[in-house]
Amino acid sequence: MKGRDIISKRDRKIPHIPKLITSLMKEGIYHLSDLFEGNRIFSIPDYQRNYAWEDKNLEDFYNDLFYIDGEKEYFMGTILLRETGEKRKEASGFREFKLYEVIDGQQRLTTICIFIKSAIEILKSKKEESLRDYVEDLKGTFILKSGFLRLELLGEDKQFFESYIIEGQEYPDETITPSQRRLKKAKRFFKEKLGDLSIDDIKNLISKLTRTRVLVYPVKEKGDAMLMFETINDRGKPLSNLEKTKSFLMHLVYISSGGIELTQDELLELPDEKRQQIIENKERMERLLRLIDEKFGRIYRYIQTINEKYSKDVQEDDIQRYHWALWFDGNYKESFKYIDKLKIHFRNLMLNDRDKLLNQVEDYVISLEQVFYAFKEVFVDKINEFDELKYIVSLGRVGNFYPLIISIWIKKENEEEFSKILKAVERFIFRVFLIGNKRSDTGVSSFYNLAHEIFKGKLSINNIISRIKDDALYYVSELDLINELNNENFYNRHSSQDIRYIFYHYELMLREKEGEPSSLNLEEILSETYTIEHILAKDLRKEHRPEDLKDDEEFERHIHGLGNLVLCSRSWNSRYGNKPFEEKKKCKGEEYSCYQKSIFKCQQKLAEFETFSKTEIDKRQQELIKWIKEKWNF
């Protein structure tokens, strides 16, 4: 079978990159074995992305390698490196290694090292004496030489890579980040693939890989490296906005700390005050880089938990957008451009006030982690502790209110305050969306501004509730509410789910009134298992209609009104929904369930009516409206 390139589409063409001044390593085409051999070690800088390859990337890598014609050499793309000037000496002091930062190519180099380490473990398991020197050469070239790893990963992945990938220590899945989980999966993938092959087949794959060519561009200056990083960041496997943000902020911190690239000898030649300033700059940079890495590591763990519950409904980009609105200006429409806005904001600070830049980067990152944690805590950990929160989420109308709810949770003095504001939000949703039938984005700009003011500590709890109430009454006045509840076509103007939500609360009220347990599951009531029943059936024959509803027009004016509706199971409705009221009201023996013996109090209450005519419908409707006004009053 004809082999494919062992690269993605982006690497199949050698890109044109302006030639940059180098001093230690020449640009050009290298075999992978030549790139790794000798006195080079590679490090992935903190501003880079974590390991991101998924199953498809691993499959493509392996299949491309497997089907390469063994007589040919293949091109694996471009590797961009920065010559740091840093040297590391082995314990004996006889040998030193030069450190190169990987600006582009870290995903491929990491995968190559995992592949080689997996192959080494499989070959060792064969216990063939003839393989000993071969395996040791492989290890020294690609994995570990004189006590130094050939490739060092960034942040929390660095220790995991050394401990799990290289040393084989086990890590429980629940303790690792998403990128570490991908590293773990990559090693398992290659060990499974290689475990099925003979020694000769494995050695053949390794030979193909070591003879694969790469185009290496080394740069020396930090500014050149950052320019290259910005250029390539839009290519290859798409970065998530969160990854782009982390890389961008680390990049800014790195290049805004002047003088840190000076060697120890160059530092000693400087005046004491200047030298001390540079040392302090370096310490601040390193502290801030560690903080960014730590905060984003935590964020990735929160995302893992959030995705288990909201895999489709809420994405990490959404939460980062909410944070931008809270942290920056509360502008709903502009929040969708938050990545561009973020870059413009911090680049301007870099040009005008680098000290302020570093302070704001720190503040941004701390609050970003705070918002992701708050989302996880509220909508995953504590979702069942607040009834109003369950109501809001179950209704599927929480999207406009995520920033508000997050900001209230962060700034609350106690959970009672949080609960009070949730009640106000639920009442807004009920009046404006369930009854008022307003557009889904109604009031969203106001709520984003409100959330921003709360996040910045500008409002008290009473101010917040007052603002929510004023907005609700602005969109749906008391008169609007009553008119809509009295609308003769209420059933057709509102979704079955929304009407069931009303009767769910009505049922709770009736049970509570009679001192019965309110063990009623809202999610189940809002599911397809239940529906809304017309007490007088829509297609009720004239001979079964009350006298005051014999007229077709009069019948139509009452049949879809709120007073003629009640909660029931879908199966009951399909079997008995078209029967006359008298048959629904009382059971004939045990032939079928009836209002009188229903599990629902709202149906049992219907059995109290002698007849169910226009008068009873109107009376029941007004009783329901009175209760609704009291229930959802601010």
Side-chain angles (χ1 to χ4, degrees), residues 322 325-326 329-333 374 378-379 385-487 490 493-494 498-499 501-502 504-506 508-509 522 562 622 624-634:
Y322 304 150
L326 294 174
D329 63 1
N331 190 307
Y332 168 68
K333 289 184 179 179
V378 173
F379 292 101
E385 295 183 20
F386 299 94
D387 288 339
E388 285 74 18
L389 187 60
K390 287 189 293 184
Y391 300 156
I392 293 167
V393 172
S394 295
L395 286 170
R397 289 181 171 91
V398 68
N400 294 351
F401 303 95
Y402 279 127
L404 179 65
I405 294 170
I406 291 167
S407 64
I408 294 167
W409 180 256
I410 291 171
K411 298 297 180 179
K412 72 185 184 311
E413 290 188 6
N414 52 63
E415 293 190 356
E416 184 181 355
E417 279 191 356
F418 182 66
S419 184
K420 284 180 180 178
I421 298 173
L422 286 179
K423 286 180 181 179
V425 171
E426 189 267 349
R427 279 152 177 71
F428 180 97
I429 291 172
F430 179 84
R431 295 176 69 99
V432 175
F433 298 121
L434 267 72
I435 304 302
N437 273 330
K438 300 299 182 183
R439 281 176 35 165
S440 61
D441 62 350
T442 298
V444 64
S445 294
S446 176
F447 278 108
Y448 268 62
N449 283 322
L450 180 60
H452 171 68
E453 291 181 55
I454 295 167
F455 195 72
K456 296 299 183 181
K458 298 177 181 178
L459 290 174
S460 69
I461 181 171
N462 290 330
N463 294 142
I464 297 165
I465 293 174
S466 179
R467 288 268 294 269
I468 296 171
K469 177 184 177 181
D470 289 346
D471 281 354
L473 293 175
Y474 171 78
Y475 292 112
V476 179
S477 67
E478 285 297 312
L479 183 59
D480 294 333
L481 181 74
I482 293 168
N483 287 341
E484 186 59 36
L485 291 170
N486 273 314
N487 193 292
F490 186 84
R493 287 175 58 81
H494 300 274
D498 288 349
I499 301 173
Y501 183 76
I502 295 173
Y504 164 81
H505 285 284
Y506 184 57
L508 288 183
M509 181 273 292
L522 177 58
L562 178 62
Q622 294 313 307
L624 284 169
I625 291 173
K626 181 182 178 183
W627 165 75
I628 287 170
K629 285 177 60 182
E630 293 173 355
K631 165 68 180 173
W632 281 281
N633 181 34
F634 278 93

Who pairs with Glu417 by salt bridge (charged side-chain N to carboxylate O under 4.0 Å, His left out), at least two apart in sequence or on another chain?
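Listed in chain order: nothing, the list is empty.
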Applying side chain to side chain donor-acceptor pair (under 3.5 Å), name anything that partners Gln622, two or more places apart in sequence or on another chain.
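Side chain to side chain donor-acceptor pair (under 3.5 Å) list for Gln622, sorted by chain: Asn486.
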Find the distance between NZ (Lys456) and CG (Asp329) and round it off to the nearest 0.5 Å.
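If I round to the nearest 0.5 Å, the distance is 10.0 Å.
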Anything under 3.5 Å between a donor and an acceptor, one on a side chain of residues 387-398, the other on a protein residue two or more places apart or in another chain? List them.
residue: Ser394; atom: OG; partner: Lys390; partner atom: O; Å: 2.8
residue: Arg397; atom: NH1; partner: Asp498; partner atom: OD1; Å: 3.1
residue: Arg397; atom: NH2; partner: Asp498; partner atom: OD2; Å: 3.0

Does the ring centre of His505 sit less than 6.0 Å away from the ring centre of Tyr501?
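Yes: the rings meet the under 6.0 Å criterion.
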Is there a donor-acceptor contact under 3.5 Å linking the side chains of Ser477 and Asp480?
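There is such a pair between these side chains.
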Take atom NZ of Lys469 as the centre, draw a 6.0 Å sphere, and report whether it contains more than 12 heavy atoms from other residues, nucleotides or ligands.
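12 or below, so no.
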Option passing ring-ring contact (aromatic ring centres under 6.0 Å, His included) with Trp632 (candidates Tyr506, Trp627, Phe428):
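The passing option is Trp627.
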Sole candidate of Tyr322, Trp409, Tyr448 that passes ring-ring contact (aromatic ring centres under 6.0 Å, His included) when paired with Tyr402
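Answer to the ring-ring contact (aromatic ring centres under 6.0 Å, His included) test with Tyr402 among Tyr322, Trp409, Tyr448: Tyr322.
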Going through the checks in order, is the side chain to side chain contact (heavy atoms under 4.5 Å, CB included) test met by Ile499 and Phe490?
CA-CA 9 Å; Ile499 301 173; Phe490 186 84; 3.9 Å; yes
Under the side chain to side chain contact (heavy atoms under 4.5 Å, CB included) rule, what do Asn449 and His452 come out as? Steps first, then yes or no, please.
CA-CA 5 Å; Asn449 283 322; His452 171 68; 5.5 Å; no
Kindly determine whether Val378 and Ile406 satisfy side chain to side chain contact (heavy atoms under 4.5 Å, CB included), including the steps that lead there.
CA-CA 8 Å; Val378 173; Ile406 291 167; over 6 Å; no
Please examine the side chains of His494 and Asn437, heavy atoms only from C-beta on, and report whether any two atoms are closer than 4.5 Å.
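Yes, side chains in contact.
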